[in-house]
**Q** 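What follows is a structure written as structure tokens; I'll ask about it next.
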Amino acid sequence: MAAIAVHQFAQCITCHAWSPDHSMVAFCPNNNEVHIYKLFQDKWEKLHVLQKHDQIVSGIDWSARSNRIVTVSHDRNSYVWNQEGSEWVPTLVILRLNRAALCVQWSPKENKFAVGSGAKTVCICYYEQENNWWVSKLIRKKHESSVTSIAWHPNNILLATTSTDGKCRVFSTFIKGVDTKDSKVGPSSDSKFGEQILQLDLSFSWAFGVKWSPSGNTLAYVGHNSMIYFVDDVGPSPLAQTVAFRDLPLRDVLFVSEKMVIGVGFDCNPLVFAADETGIWTFLRFLDERKTSTSGPKYGSQFSEAFGKLYGQSKYGVSNDAVESSRTRGGVHENCINCVVPLREGGFTRTTRFSTSGLDGKIVTWNLESQEDLLNYL
């Protein structure tokens, strides 16, 4: 079985992140707090509760090099947390947003981080040594709706975004005095801060979740129409592929290697996509074993089942004419998976372990090395 550890931390989890050595996990239990747990002899114990936000924490990222945590919230604020002794001390980030902050991610060099928001803007935040605070530069007037996801290119300059206007965009985030000119390579070589490198109009619905491949040569993002899009040669003449699948839409994606992508979402079960030797992407299979229904009607559409899932009929065994009383979807997760995080070992570009969290309050760790049919793609 691919799932090697299942932990029920809360009733619902909005996002999670791991410490650099993967010994601690930080997550938001669907409120304005961030809980940090550590594993002691096969038992998770709560070490810290970060309390500074006023509304739901919508994004967390834990930097691998500097051991700093950045959080964003619907209260339009962001904090960078530094560990001083046994305490986590917050530093306010000046975001200048008038709508909720929705997602956050450290850049590869960790000298800046990006925040996507409901204000149709992306904030690129960096540290000003002389003033001892974090400031932000805004990418404005490009997005037509909320920015749902962001992903840094390995070169630390390019940033990909998805939005509920259905588009995926790539921007340059070069900041003079923060970035060096030698990091300007490829499409970003002559671009200034906030310049749009590329706009992809492949999706006709909301776009959720975007990631770069480890090399930065391929970009993948998902739409709310049960489609995933792969883009090669990002630049003036990109090559795009669209893969449609029969199941419920995805919320997030993760490249585990150049040839394999994991998608998570409303199906409560990670989906595996892989590229063949010619570079053609296809849907392979579900990662988790599916539970089979033992009772209840054997019919019903995805639409009606989604409504049953939304209102909890399947969860509590309340039978409906079109909803099976025993869930056929999912396995380990019992509700929508909204976050997938890689568990990379130092120096490796491929990912054999990753974790997922969702609306069922579980954090699940997965291991791909136990899946023999997938080893060729790693």
Side-chain angles (χ1 to χ4, degrees), residues 105 107-108 114 122 142-143 147-163 165-174 183-191 195-245 249-265 270-285 340 342 344 348-351 354 368 374 376-378:
Q105 188 179 18
S107 69
V122 177
K142 305 290 185 181
H143 299 91
V147 179
T148 54
S149 185
I150 50 182
W152 286 97
H153 189 279
N155 69 5
N156 207 68
I157 300 296
L158 294 181
L159 181 77
T161 68
T162 52
S163 171
D165 60 13
K167 296 177 177 62
C168 176
R169 299 173 173 88
V170 177
F171 297 96
S172 169
T173 66
F174 183 84
S183 60
K184 279 190 166 188
V185 291
S188 62
S189 55
D190 299 318
S191 52
E195 185 175 333
Q196 183 172 292
I197 308 297
L198 181 68
Q199 177 174 302
L200 299 163
D201 302 332
L202 302 176
S203 178
F204 295 99
S205 61
W206 290 3
F208 286 119
V210 60
K211 288 291 188 303
W212 295 92
S213 65
S215 67
N217 294 332
T218 306
L219 181 69
Y221 73 102
V222 295
H224 202 58
N225 52 357
S226 293
M227 287 190 178
I228 182 169
Y229 309 95
F230 297 94
V231 184
D232 294 309
D233 300 331
V234 173
S237 54
L239 303 173
Q241 295 180 45
T242 300
V243 179
F245 48 96
L250 299 176
R251 282 296 308 268
D252 204 357
V253 287
L254 173 69
F255 272 93
V256 292
S257 71
E258 291 291 327
K259 293 183 177 181
M260 189 160 72
V261 164
I262 302 295
V264 298
L271 282 70
V272 181
F273 300 88
D276 61 18
E277 294 177 355
T278 62
I280 303 300
W281 289 87
T282 54
F283 167 62
L284 282 188
R285 65 175 176 89
V340 56
R344 286 196 178 97
F348 289 95
T349 56
R350 66 173 192 157
T351 303
F354 63 92
L368 296 172
L374 303 180
N376 291 334
Y377 299 103
L378 288 175

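Values below: all heavy atoms of this structure, side chains included; hydrogens, waters and symmetry mates excluded.
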**Q** Between Trp212 and Ala151, is there a donor-acceptor pair closer than 3.5 Å when you use the side chain of the first and the backbone of the second?
**A**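 Yes, Trp212 side chain to Ala151 backbone: donor-acceptor pair under 3.5 Å.
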**Q** Please check this pair: side chain of Thr173 against backbone of Ile157, looking for a donor-acceptor N/O pair closer than 3.5 Å.
**A**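 Pair found, side chain donor or acceptor close to backbone of Ile157.
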**Q** Mind checking what makes side chain to side chain donor-acceptor pair (under 3.5 Å) contact with Gln241, not counting sequence neighbours?
**A**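 Once residues adjacent in sequence are excluded, Gln241 has no partner under the side chain to side chain donor-acceptor pair (under 3.5 Å) criterion.
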**Q** OG of Ser107 to CG of Asn156: how many Å apart, nearest 0.5 Å?
**A**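 Output value for this atom pair is 4.0 Å.
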**Q** Taking it one step at a time, do Asp276 and Thr282 satisfy side-chain contact (heavy atoms from CB on, under 4.5 Å)?
**A** CA-CA 8 Å; Asp276 61 18; Thr282 54; over 6 Å; no
**Q** Are side-chain heavy atoms of Leu368 and Phe354 found at a separation under 4.5 Å?
**A**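 Yes. Closest side-chain heavy atoms under 4.5 Å.
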**Q** Less than 4.5 Å apart, any side-chain heavy atom of Val210 and any of Thr161?
**A**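 No. Closest side-chain heavy atoms not under 4.5 Å.
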**Q** Report yes or no: does Lys211 contribute a side-chain atom to a donor-acceptor pair with the main-chain N or O of Val253 at less than 3.5 Å?
**A**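 Answer holds: yes.
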**Q** Of the non-hydrogen atoms in Pro249 and Ser226, which two are nearest, and what is the gap between them?
**A**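 Reported closest heavy-atom pair: N-OG, 3.4 Å.
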**Q** When you compare the side chain of Phe255 with that of Pro214, does any pair of heavy atoms fall below 4.5 Å?
**A**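 Contact flag for Pro214/Phe255 side chains = yes.
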**Q** Are there over 12 heavy-atom neighbours, none belonging to Lys167, within less than 6.0 Å of that residue's NZ?
**A**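 Enclosed: over 12 neighbouring heavy atoms sit under 6.0 Å from NZ of Lys167.
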**Q** Closest approach of Phe171 and Lys142, non-hydrogen atoms and distance?
**A**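 So the minimum-distance heavy-atom pair works out to CE2-CG, 3.5 Å.
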**Q** Does the side chain of Leu250 reach to within under 4.5 Å of the side chain of Val264, using non-hydrogen atoms?
**A**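 Of all side-chain heavy-atom pairs linking Val264 with Leu250, none is under 4.5 Å.
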**Q** Check whether any side-chain heavy atom of Leu284 sits under 4.5 Å from a side-chain heavy atom of Leu374, and report yes or no.
**A**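 Sidechains of Leu374 and Leu284: in contact.
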**Q** Scan Tyr229, Phe273, Phe230 and name whichever one has a ring pair (Phe, Tyr, Trp, His ring centres under 6.0 Å) with Trp281.
**A**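 The single option meeting the ring pair (Phe, Tyr, Trp, His ring centres under 6.0 Å) with Trp281 is Phe230.
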**Q** Using atom types as modelled and distance alone, determine if a side-chain donor or acceptor of Thr148 lies under 3.5 Å from a backbone N or O of Thr162.
**A**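 Answer holds: yes.
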**Q** Start with the C-alpha gap between His143 and Val122, add the side-chain angles, then the distance that decides, and say whether side-chain contact (heavy atoms from CB on, under 4.5 Å) holds.
**A** CA-CA 9 Å; His143 299 91; Val122 177; 3.7 Å; yes
**Q** To check you understand the geometry: which heavy-atom pair defines the closest contact between Ser191 and Phe174, and what is its length?
**A**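 What the structure gives for the nearest pair is O-CB, 4.4 Å.
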**Q** What side-chain donor-acceptor pairs closer than 3.5 Å can you find for residues 197-207, not counting sequence neighbours?
**A**
| from | atom 1 | to | atom 2 | distance (Å) |
| --- | --- | --- | --- | --- |
| Gln199 | OE1 | Arg169 | NE | 3.3 |
| Gln199 | OE1 | Gln196 | NE2 | 3.3 |
| Gln199 | NE2 | Asp201 | OD1 | 3.2 |
| Ser203 | OG | Ser205 | N | 3.2 |
| Ser203 | OG | Ser205 | O | 3.0 |
| Ser203 | OG | Ser205 | OG | 3.4 |
| Ser205 | OG | His224 | N | 3.2 |
| Ser205 | OG | Asn225 | N | 3.2 |

**Q** side-chain contact (heavy atoms from CB on, under 4.5 Å) between Val272 and Ile262: does it pass, once the steps are laid out?
**A** CA-CA 5 Å; Val272 181; Ile262 302 295; 3.9 Å; yes
**Q** What is the minimum heavy-atom distance between Val170 and Leu219, and which atoms define it?
**A**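 Closest approach of Val170 to Leu219, heavy atoms only: CG2-CD2, 4.1 Å.
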